[in-house]
Engineer: 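Structure incoming, see below.
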Amino acid sequence: VGLKIRSGAGTSSGINFVAMDEEMFKIVNGPTTLDGYNWWQLEAPYDQTRAGWAADNFLEVVDLSTPTP
């Protein structure tokens with residue numbers, strides 16, 4: 001189904017694109033609380049034009065730290 005990535009925080013902001021369920025993003029700003037959600041500004045690590053805001057109810061934190069040998 002995907003995740004709506006919006007042009008700004010809030011449910012009234014336009015939709016930039018729909019991210020795939022398995023797609024990963026880095027957080028570049030936030031949180032901003034609006035419309036009953038905490039919003040985070042996200043950016044794809046491989047394409048800076050693939051960016052926008054998403055509500056944290058639909059996000060999952062992934063730890064990408066490299067273990068020490």
Engineer: So do K26 and V28 actually touch side chain to side chain, heavy atoms under 4.5 Å?
Structural biologist: yes
Engineer: Are L42 and I27 side-chain neighbours, meaning at least one heavy-atom pair lies under 4.5 Å?
Structural biologist: yes
Engineer: Determine the minimum heavy-atom distance between A9 and L34, stating which atoms define it.
Structural biologist: O-CD2, 3.3 Å
Engineer: Please tabulate, for the side chains in residues 56-64, all donor-acceptor contacts under 3.5 angstrom to protein atoms that are two or more places apart in sequence or on a different chain.
Structural biologist:
residue: D63; atom: OD1; partner: S65; partner atom: N; Å: 3.0
residue: D63; atom: OD1; partner: S65; partner atom: OG; Å: 2.9
residue: D63; atom: OD2; partner: S65; partner atom: OG; Å: 3.3

Engineer: Show every side-chain hydrogen bond (donor to acceptor under 3.5 Å, both in side chains) that has at least one partner inside residues 1-12, sequence neighbours left out.
Structural biologist: T11-D35
Engineer: Out of W40, W39, W53, which residue meets the side chain to side chain contact (heavy atoms under 4.5 Å, CB included) rule with N29?
Structural biologist: W53
Engineer: Minimum heavy-atom separation for V1 to D21, with atom names?
Structural biologist: N-OD2, 3.7 Å
Engineer: Between R50 and F17, is any pair of side-chain heavy atoms under 4.5 Å apart?
Structural biologist: yes
Engineer: Looking at every heavy atom in both A54 and I5, which two are closest together, and how far apart are they?
Structural biologist: CB-CD1, 4.0 Å
